[in-house]
Amino acid sequence: MAHDLPAWVAELTDPRRAETLDELADRLVPLAEHAIDVSRRLQAQLNELNDPFKREALYGRVERLKARVGEALDEITAEISASGEERIERVWADFAGRAGPGDRGARERELRRLLDRDVVPVLSKQQQDVAERVAERTSGALEEATQTLLTRVEQLAKAVTDLIHDVLPLAREGLTLASRISALSGHARKTGRGPIPAELKSAGAETSGAFDEAVARLELEWSALGARSASVRAALRGAEESAFSHVTEEMTRCVEELAPRHVKALNEAEAKARTLFEEARG
């Protein structure tokens, strides 16, 4: 759908339509400002594109990965601890339901003593062993994932650096053009009033053509750079998520490998606790 501007817009911004020196000078001013604007927007996008690759951003990315992995490891450690506590709670629930009211206090103290002596240390040792193995595997996976993340960021940074080096001259070209237009506008005003001399008219037309061509390239590059910036941000986010997934997958595999032994140890501890419970009941 076309969205045409009023006819006077071109009339007041195209130096080729000027008939007097004042009109030529007036029409050159917005062209210079436009060239400066698009050049600065392009430079701002280049800076934004480069920001994720600065040292602080890189450090923050690695620290975020470590923090997320730490939280996931804490959750697994808590689940391991809860699994042992759950078995003990089962025994206590049976005790509470079956112990008589008269001697419950004494038997509860005796059962607690026996559990603390014969069951709790075994459970604690088992939980510690499992947690340490998971932590060890997690540490190795985190180191590998961090290295992969840094390598990918480095590769992306090189591509972005090459892109910046290609585009930056365009932004500077816009500023150079703006300076050239401003100088021509100033020259027109200093020349005086009245009709435009042939030399200035030719310079105005040539500058207008250069402006149209340069700004079209700059605007197109600015638009394309925006899409590239979005792709770079998505790639960085994807690299972070991939690194985190690598670690959590290794954590899951480790837990799955240790699960049979851990469940067996829990069953044995619960059976021992129930034996002590029966002994405490007399």
Side-chain angles (χ1 to χ4, degrees), residues 1-3 5 9 13-15 28-69 141-185 205-249:
M1 180 182 296
H3 296 282
L5 296 174
V9 173
T13 58
D14 187 350
L28 288 170
V29 170
L31 266 62
E33 292 177 349
H34 188 166
I36 292 172
D37 173 71
V38 69
S39 295
R40 287 177 175 172
R41 281 190 280 122
L42 194 57
Q43 287 182 327
Q45 271 200 334
L46 291 174
N47 291 335
E48 181 181 341
L49 186 62
N50 187 56
D51 283 344
F53 302 98
K54 292 180 179 178
R55 182 180 298 275
E56 298 80 4
L58 182 59
Y59 176 79
R61 189 166 289 110
V62 172
E63 289 303 305
R64 274 197 305 275
L65 175 61
K66 291 180 179 179
R68 293 177 68 186
V69 169
L142 176 59
E143 183 177 352
E144 182 179 347
T146 300
Q147 187 56 51
T148 300
L149 174 62
L150 292 176
T151 298
R152 287 173 172 171
V153 171
E154 182 180 356
Q155 292 170 344
L156 197 57
K158 183 181 183 306
V160 167
T161 299
D162 291 343
L163 174 62
I164 290 174
H165 287 165
D166 288 342
V167 176
L168 189 57
L170 290 177
R172 292 171 178 164
E173 177 187 342
L175 295 177
T176 301
L177 176 62
S179 177
R180 173 183 166 189
I181 295 173
S182 296
L184 183 60
S185 176
E206 180 185 349
T207 301
S208 297
F211 168 84
D212 291 341
E213 181 181 342
V215 168
R217 287 199 312 271
L218 290 171
E219 292 284 7
L220 182 61
E221 192 59 48
W222 176 76
S223 178
L225 194 59
R228 293 185 189 125
S229 297
S231 296
V232 168
R233 289 192 298 270
L236 288 170
R237 185 60 175 169
E240 284 190 52
E241 291 303 313
S242 177
F244 180 66
S245 294
H246 173 77
V247 180
T248 55
E249 287 170 5

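Within 6.0 Å of CD in Glu241 there are more than 12 heavy atoms belonging to other residues, nucleotides or ligands. For Arg40, the CZ atom sits in a loose shell: 12 or fewer heavy atoms of surrounding residues, nucleotides or ligands are nearer than 6.0 Å.
Without hydrogens or angle criteria, Ser182 side chain to Ser179 main chain gives no donor-acceptor distance under 3.5 Å. Side chain of Ser185 to main chain of Ile181: no donor-acceptor pair is present (N/O by atom type, distance under 3.5 Å, no hydrogens or angles). Remark: side-chain polar atoms of Ser223 are not paired, donor with acceptor, to backbone N or O of Glu219 under 3.5 angstrom. A distance-only check finds no donor-acceptor pair linking the side chain of Ser242 to the backbone of Gly238 [under 3.5 Å].
Note that CD of Glu48 and CG of Asn50 are 11.0 Å apart. Values are rounded to the nearest 0.5 Å. Between atom CZ of residue Arg237 and atom CD of residue Glu240 there is a gap of 5.5 Å, rounded to the nearest 0.5 Å. Annotation: the span from Leu156 atom CG to Thr151 atom OG1 amounts to 12.5 Å, rounded to 0.5 Å. From Glu173, atom CD reaches atom CZ of Arg180 across 10.0 Å, with rounding to the nearest 0.5 Å. To the nearest 0.5 Å, atoms CG (Leu46) and CG (Asp51) are separated by 11.0 Å. The CG atom of Asp14 lies 10.0 Å from the CZ atom of Phe211; values are rounded to the nearest 0.5 Å.
Thr248 approaches Ser245 most closely through the heavy-atom pair OG1-O, 3.0 Å. Considering every non-hydrogen atom in both Gln45 and Trp222, the closest pair reads OE1-O, 2.9 Å. Between Ala145 and Ala243, the closest heavy-atom pair is CB-O, 3.5 Å. Nearest heavy atom pair, residue Val215 against residue Ala35, reads CG2-CA, 4.5 Å.
With a 4.5 Å cut-off on side-chain heavy atoms, Val38 and Leu42 do not count as touching. For the pair His246/Thr148, no side-chain contact is recorded, criterion being any heavy-atom separation below 4.5 Å from C-beta on. Within the 4.5 Å cutoff, no side-chain heavy atoms of Leu177 are placed close to those of Leu31. Contact check for Leu65 versus Phe244: side-chain heavy atoms found under the 4.5 Å cut-off.
A salt bridge links Glu213 with Arg217; the closest basic N to acidic carboxylate O contact falls under 4.0 Å. Taking the charged nitrogens against the carboxylate oxygens, Glu221 and Arg228 do have a contact shorter than 4.0 Å, which makes a salt bridge.
Checked options Leu163, Leu170, Ile164; the residue passing with Leu225 is Leu163 (criterion: side chain to side chain contact (heavy atoms under 4.5 Å, CB included)).
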Report the C-alpha distance between Gln43 and Leu175 in whole Å, list the side-chain angles of each, state the deciding distance to 0.1 Å, and finish with yes or no for side chain to side chain contact (heavy atoms under 4.5 Å, CB included). CA-CA 11 Å; Gln43 287 182 327; Leu175 295 177; 4.0 Å; yes

